[in-house]
Structures are given as C-alpha cells and as structure tokens.
Amino acid sequence: MKANDRLIIAIDQPGLAGVMRTANAMREFAATVKIGSTAFNTSGPMVVQALAKLNLRVFLDLKLFDIPEQVAGAVRAMTRLGVFMMTVHTLGGPEMMAAAKKAAREEAERQGVTVPLIVGVTILTSLDDTWLTRIGLAGTGKTVPLLAAAAREAGLDGVVCSALECASVKTACGDDFLTVVPGIRPSGSGRDDQKRVATPRFARSQGADFLVVGRPITAAADPKQAATAILQDMDLKEKT
Ligand code: C5P
C-alpha cells in the first residue's frame with residue numbers, strides 16, 4: 001500500500017463549506033478523510049455524500065457506544081451512506097461489536113455496496129495510565145491488546161490504538177488485523193490534548209496500517225508542506 005493510501009486526514013471543523021475546502025486542498029495527499037462528531041453534527045450526513053463526490057473514502061468516526069440494537073441501527077444508516085470505515089467502542093462488549101459487523105454485512109448486501117470496515121476504539125490516545133489505574137484497570141500495555149483480541153473474536157476488522165500498542169495488537173490478533181493509529185506527531189511538534197503520541201515513522205515501524213492525522217496538518221501554517229513531510233517520514237520506516 002502506498003503512503004497516500006495509509007494516511008487518513010482528520011477534518012475536525014464545523015461547517016460543510018470549510019470541510020469541503022480542506023478536503024479539496026488535501027485530496028492529493030490522502031485517499032481517505034476522517035469525519036468525526038464536530039463536522040458530522042454541524043453538516044449532517046450530506047457531508048459524507050459530498051466527500052464521496054470528490055472520490056475520497058470517508059472514515060466516519062462517530063465512536064458508537066450503546067446497546068447492540070442501537071449500534072446496529074446506526075451502522076445500517078452509515079452503511080447506506082457508503083462510508084469506508086467506521087468506529088464502535090470495544091468497551092461496548094462482544095455482543096455489541098458482533099451486532100455492528102452483522103448489521104454492516106446485511107445492509108451492504110441489501111444495498112449492493114462494499115461492506116464497510118468496522119474498527120474498535122480501544123483506549124483513547126488522549127488518555128494515559130493515570131486514568132486507567134484510578135478506575136482499577138491495568139495499564140494500556142495490557143488493556144489494549146485484550147480489547148483488540150475481543151474485537152477480533154467479535155468479527156471486527158481492526159482497532160484504533162496508539163503506535164505504542166501496535167506491535168502487541170498484531171501479536172495478539174495477527175498481521176491482517178488492522179491497526180488505525182491517531183496521536184501522530186512529527187518530531188518537534190506539540191502534543192495538543194494527545195498523550196500517547198508517536199512520529200509517522202515510528203508508527204509505521206510498529207506495523208500501523210493507517211495513520212490518522214489532524215491538527216499537525218490542518219492547523220499547520222502550510223498544510224500541504226506538512227502533509228508532504230508526513231508522507232515522506234512514513235516511507236522512512238524501513239530505515240529506522
Ligand atoms: O488533531 P489530531 O491529529 O490529534 O487528531 C486525531 C484524530 O483522531 C481526532 O479526530 C480524534 O477524534 C481521533 N482519535 C483519537 N484517538 C482515538 C480515536 C480517534 O485521537 N483513540
């Protein structure tokens with residue numbers, strides 16, 4: 001897979017016009033854009049259809065966390081929109097994750113579209129072990145591979161995790177189980193609200209399949225130059 005196919009640009013801004021401007025400017029750098037709660041709750045489902053018209057794959061990251069019936073309903077709706085990838089929380093449990101994948105398969109067949117990828121959110125990259133320990137859980141090093149194994153058993157296609165856990169997820173779940181990695185920060189850049197961060201090169205060297213990058217590109221003084229540098233850094237993985 002080329003670096004462009006692995007890079008997912010997170011467009012976290014309100015308003016359809018702004019999202020489309022960013023997507024149009026960045027589409028030569030990434031095959032996929034990620035739309036989350038900020039853009040979706042201001043622009044609605046039409047943002048997905050507008051992006052598809054630009055030939056972009058859409059990762060609709062609404063991080064579903066509800067009972068199986070509700071999650072299945074939301075997954076059916078997102079499948080009808082033609083999204084490429086979507087997220088549910090692994091902490092929603094095995095029945096919920098299995099219901100999500102089943103709903104995606106059935107609805108895709110009904111509509112004659114490709115079955116969307118469903119990846120499970122493990123532990124947000126804005127968290128570290130301080131929070132997990134406070135609520136009586138083991139640290140991310142133990143918890144993330146356990147959640148990933150449960151996601152795989154339930155039939156999900158992969159998980160969202162930090163670069164620091166990619167290798168242990170691959171060991172627990174196999175190489176074909178996708179790792180989608182946010183918290184990417186080029187060396188020398190700020191962390192913003194992210195805690196478990198890594199450079200593009202490090203993430204790739206750990207086996208990250210997709211890298212999700214938002215502010216290091218969208219808030220850069222020169223977003224095109226920032227995207228180019230990230231793509232180049234991803235390709236340096238073999239040399240580390
Ligand atoms: O701007 P930044 O590069 O930090 O954006 C990261 C994106 O990845 C955000 O859209 C955020 O919602 C998402 N994300 C994350 N951590 C997760 C799952 C998704 O940061 N565990």
Side-chain angles (χ1 to χ4, degrees), residues 8 10 12 32 34-49 51-52 57-127 131-132 134-138 140 142-162 165-166 168-170 172-174 176-182 209-210 212:
I8 300 178
D12 294 318
T32 314
K34 185 175 89 71
I35 294 300
S37 299
T38 302
F40 193 77
N41 283 305
T42 47
S43 304
M46 72 168 64
V47 70
V48 178
Q49 287 144 342
L51 290 165
R57 301 191 297 208
V58 180
F59 173 12
L60 188 51
D61 181 24
L62 299 183
K63 299 189 177 66
L64 304 175
F65 197 171
D66 208 329
I67 59 171
E69 179 73 10
Q70 282 289 328
V71 167
V75 167
R76 278 194 286 274
M78 288 194 269
T79 302
R80 284 195 290 277
L81 284 175
V83 310
F84 165 67
M85 188 188 287
M86 57 179 89
T87 41
V88 302
H89 272 278
T90 53
L91 281 169
E95 292 85 5
M96 178 269 250
M97 291 190 275
K101 194 65 211 188
K102 180 167 179 272
R105 264 200 221 98
E106 288 173 355
E107 191 61 24
E109 193 176 330
R110 251 195 299 276
Q111 305 293 328
V113 297
T114 312
V115 185
L117 297 172
I118 306 192
V119 292
V121 177
T122 53
I123 303 294
L124 295 171
T125 45
S126 54
L127 297 172
W131 169 242
L132 298 185
R134 184 173 150 191
I135 56 171
L137 296 179
T140 47
K142 268 204 169 155
T143 307
V144 171
L146 285 175
L147 291 169
R152 188 187 171 95
E153 266 175 48
L156 296 197
D157 301 287
V159 286
V160 184
C161 62
S162 92
E165 299 105 29
C166 270
S168 59
V169 167
K170 293 285 188 184
C173 300
D176 59 339
F177 191 67
L178 298 173
T179 49
V180 179
V181 175
D209 296 291
F210 291 100
V212 179

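What you see below is based on every heavy atom in this structure, not just the backbone, and it leaves out hydrogens, waters and symmetry mates.
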Practice item. Could you tell me whether Asp157 and Arg152 make a salt bridge, using a distance below 4.0 angstrom between a side-chain N and a carboxylate O? Key: no
Check your understanding: Could you give the distance from CG (Asp12) to NZ (Lys34), rounded to the nearest 0.5 Å?
Key -> 5.0 Å
Exercise for review: With side-chain contact (heavy atoms from CB on, under 4.5 Å) as the test, would you mind laying out the steps for Val48 and Ile35 before giving the verdict?
Suggested key: CA-CA 8 Å; Val48 178; Ile35 294 300; 5.5 Å; no
Review point. Are any non-hydrogen side-chain atoms of Val212 and Val180 less than 4.5 angstrom apart?
Key: yes
Exercise for review: Can you see which heavy atom on Ala103 is nearest to which on Ala72, and at what distance?
Suggested key: CB-O, 3.6 Å
Point to revise | Side-chain touch Thr122/Thr143, heavy atoms, less than 4.5 angstrom | key: no
**Study point:** Check: Ser168 and Val144 side chains under 4.5 Å, non-hydrogen atoms
**Key:** no
Check your understanding: Taking all non-hydrogen atoms of both residues, which atom of Ala148 and which atom of Val159 are closest, and how far apart?
Key -> CA-CG1, 3.8 Å
Review point. Which distance, rounded to the nearest 0.5 Å, do you find between the CZ of Arg110 and the CZ of Arg76?
Key: 6.5 Å
Review point. Quick one: CG on Leu117 to CZ on Phe84, what's the gap to the nearest 0.5 Å?
Key: 5.0 Å
Review point. Are Leu147 and Leu91 close enough, and set up right, to give a side-chain contact (heavy atoms from CB on, under 4.5 Å), and what steps lead you there?
Key: CA-CA 7 Å; Leu147 291 169; Leu91 281 169; 4.0 Å; yes
Practice item. Assess whether atom CD of Glu109 is packed by more than 12 heavy atoms of other residues, nucleotides or ligands within 6.0 Å. Key: no
Check your understanding: Is the backbone of Thr179 close enough, under 3.5 Å, to the side chain of Asp209 for a donor and an acceptor to pair up by distance?
Key -> yes
**Study point:** Side-chain heavy-atom pair Thr79, Met86 within 4.5 angstrom cut-off
**Key:** yes
Check your understanding: Is there a side-chain contact between Thr32 and Met85 (heavy atoms, below 4.5 Å)?
Key -> no
Exercise for review: With the side chain counted from C-beta on, respond yes when Phe65 and Val88 share a heavy-atom pair under 4.5 Å apart, and no when they do not.
Suggested key: no
Practice item. Without swapping roles, check the side chain of Ser43 against the backbone of Phe40 for a donor-acceptor pair under 3.5 Å. Key: no
Check your understanding: Side chains of Glu165 and Ser162: do they bring a donor and an acceptor to under 3.5 Å?
Key -> yes
Check your understanding: Any side-chain heavy atom of Val181 sitting closer than 4.5 Å to one from Val160?
Key -> no
Review point. Do NZ/NE/NH1/NH2 and the carboxylate oxygens of Glu106 and Lys102 come within less than 4.0 Å?
Key: yes
Practice item. State the CG-CD1 distance between Leu132 and Ile123, to the nearest 0.5 angstrom. Key: 5.0 Å
Exercise for review: Please report the shortest heavy-atom distance between Ala151 and Thr90, naming the atom on each side.
Suggested key: CB-CG2, 4.0 Å
Check your understanding: Measuring from Glu107:CD to Arg80:CZ, what's the distance to the nearest 0.5 Å?
Key -> 4.5 Å
Check your understanding: Of the non-hydrogen atoms in Gly155 and Lys101, which two are nearest, and what is the gap between them?
Key -> O-CG, 3.4 Å
Review point. Checking Lys170 side chain against Phe177 main chain: does a donor-acceptor pair fall under 3.5 Å?
Key: yes
**Study point:** Met97/Val71 under side-chain contact (heavy atoms from CB on, under 4.5 Å): CA gap, chis, key distance, verdict
**Key:** CA-CA 8 Å; Met97 291 190 275; Val71 167; over 6 Å; no
Revision key, fill the gap. Interatomic distance, CG@Leu60 vs OG1@Thr87, rounded to 0.5 Å, equals 7.5 Å
**Study point:** Over all atoms of both residues, closest heavy-atom pair of Cys161 and Pro182
**Key:** O-CD, 3.3 Å
Practice item. Would you indicate whether the side-chain heavy atoms of Trp131 and Leu137 approach each other to under 4.5 Å? Key: no
Exercise for review: Taking all heavy atoms of Ala74 and all of Leu64, pick out the closest pair and write down the distance.
Suggested key: CB-CD1, 3.8 Å
